[in-house]
2 protein chains.
Amino acid sequence: MLFANQIKKLREENNLLQRQLASALEIDTPMYSKIERGDRLAKREQVVIIAKFLSTDENELLSLWLADKVLDVLEGEKELGGKVLEIANANLK
Amino acid sequence: MLFANQIKKLREENNLLQRQLASALEIDTPMYSKIERGDRLAKREQVVIIAKFLSTDENELLSLWLADKVLDVLEGEKELGGKVLEIANANLK
DNA sequence: TTATTCTTTGACACAAGTTGTCAAAAGAAA
DNA sequence: TTTCTTTTGACAACTTGTGTCAAAGAATAA
């Protein structure tokens with residue numbers, strides 16, 4: 001979980017509590033805990049708020065969050081992963 | 001829709017009717033029509049059946065189907081797409 | 001040690017999205 | 001026309017996602 005690991009690292013570096021992030025997202029602490037551990041997926045708007053709150057680049061964080069989703073699509077398709085990403089890349093517009 | 005386009009092309013080349021594919025998938029023709037037009041997503045098992053029925057390579061077809069899903073994740077994130085795919089690629093295991 | 005604060009777990013409710021059916025319309029071929 | 005194929009839209013059933021809550025576990029402080 002690239003996104004989860006990153007926000008945990010940044011939160012700790014910034015000496016913030018889960019409670020504070022949860023409050024910024026208007027969800028309860030257990031829910032934030034799950035997001036931070038990759039047990040639940042954040043929504044896009046939540047990623048944006050987290051980036052602001054952790055003073056990190058929004059696009060960097062969004063990229064990790066999206067990469068997790070891409071990897072999730074590829075979950076269990078190990079042998080096709082590389083080919084799939086090539087095709088996807090060739091069809092990005 | 002890479003997958004949808006491909007199965008339409010192959011079905012026509014094989015002179016088959018949507019009704020026949022629908023029957024192989026045990027769904028009705030309207031449902032199959034939607035899959036073929038990219039209006040609905042096929043499930044993995046359906047892709048496998050379609051590949052068999054259209055005598056095409058299963059992995060090729062699965063790759064298109066997966067690539068569609070990856071592109072869907074990237075939908076509306078044009079500027080991040082390339083970067084995201086790089087990250088995903090670097091984290092394929 | 002106990003007390004307090006922080007984080008995680010699991011069960012649950014409800015919202016949202018998916019997968020399918022059906023009736024009927026639109027398109028193509030005869 | 002008539003018939004066969006494909007598409008559309010509305011809907012029900014099922015599945016998944018998002019959040020809350022109570023309570024347990026970990027870490028820290030006193």
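Letters go in sequence order (proteins before strands), and every chain restarts at 1.
Of the side-chain N and O atoms in A:R19, one or more sit less than 4.0 angstrom from OP1 or OP2 of C:dC6. For C:dT8, neither phosphate oxygen OP1 nor OP2 lies less than 4.0 angstrom from any side-chain nitrogen or oxygen of A:R40. Distances shorter than 4.0 Å separate some side-chain N or O of A:K43 from OP1 or OP2 on D:dG19. Here A:S33 reaches the OP1 or OP2 of C:dT8: one of its side-chain N or O atoms lies under 4.0 Å away. Checking the phosphate oxygens (OP1, OP2) of D:dG19, a side-chain nitrogen or oxygen of A:Q46 falls inside 4.0 Å.
In this structure, the side chain of B:N91 engages the main chain of B:I87 through a donor-acceptor pair within 3.5 Å.
The distance from atom CZ of B:R37 to atom C1' of D:dT8 is 8 Å, rounded to the nearest whole Å. Across the protein-nucleic acid pair, A:M31 atom CE and D:dG19 atom P stand 5 Å apart, rounded to whole Å. Between B:D28 atom CG and D:dT6 atom P there is a gap of 13 Å when expressed in whole angstrom units. Atom OH in A:Y32 sits about 21 Å away from atom P in C:dT5, given to the nearest Å. When rounded to the nearest whole Å, the span between CG of B:L41 and C1' of C:dG17 equals 12 Å. In this structure, the CG atom of A:L16 is 12 Å from the P atom of C:dC6, given to the nearest Å. Regarding A:L17, its CG atom lies at a distance of 12 Å from the P atom of C:dT5, rounded to whole Å. When the P atom of C:dT19 is taken as reference, atom CZ of B:R44 falls 15 Å away, rounded to whole Å.
Place A:I27 and B:K34 on DNA chain D by their nearest nucleotides, and B:K34 ends up nearer the 5' end.
With respect to the salt-bridge test (charged N to carboxylate O, under 4.0 angstrom), the residues B:K8 and B:E13 do not qualify. B:R44 has a carboxylate O that lies under 4.0 Å from a charged side-chain N of A:E77, or vice versa, which qualifies the two as a salt bridge.
Partner A:E60 forms a side-chain contact (heavy atoms from CB on, under 4.5 Å) with one of A:D57, A:L62, A:L64 and no other, that one being A:D57.
The environment of CD in B:E26 is sparse: at most 12 heavy-atom neighbours from other residues, nucleotides or ligands sit within 6.0 Å.
Across all strands, A:Q20 comes closer than 4.0 Å to no nucleic acid atom at all (heavy-atom distances).
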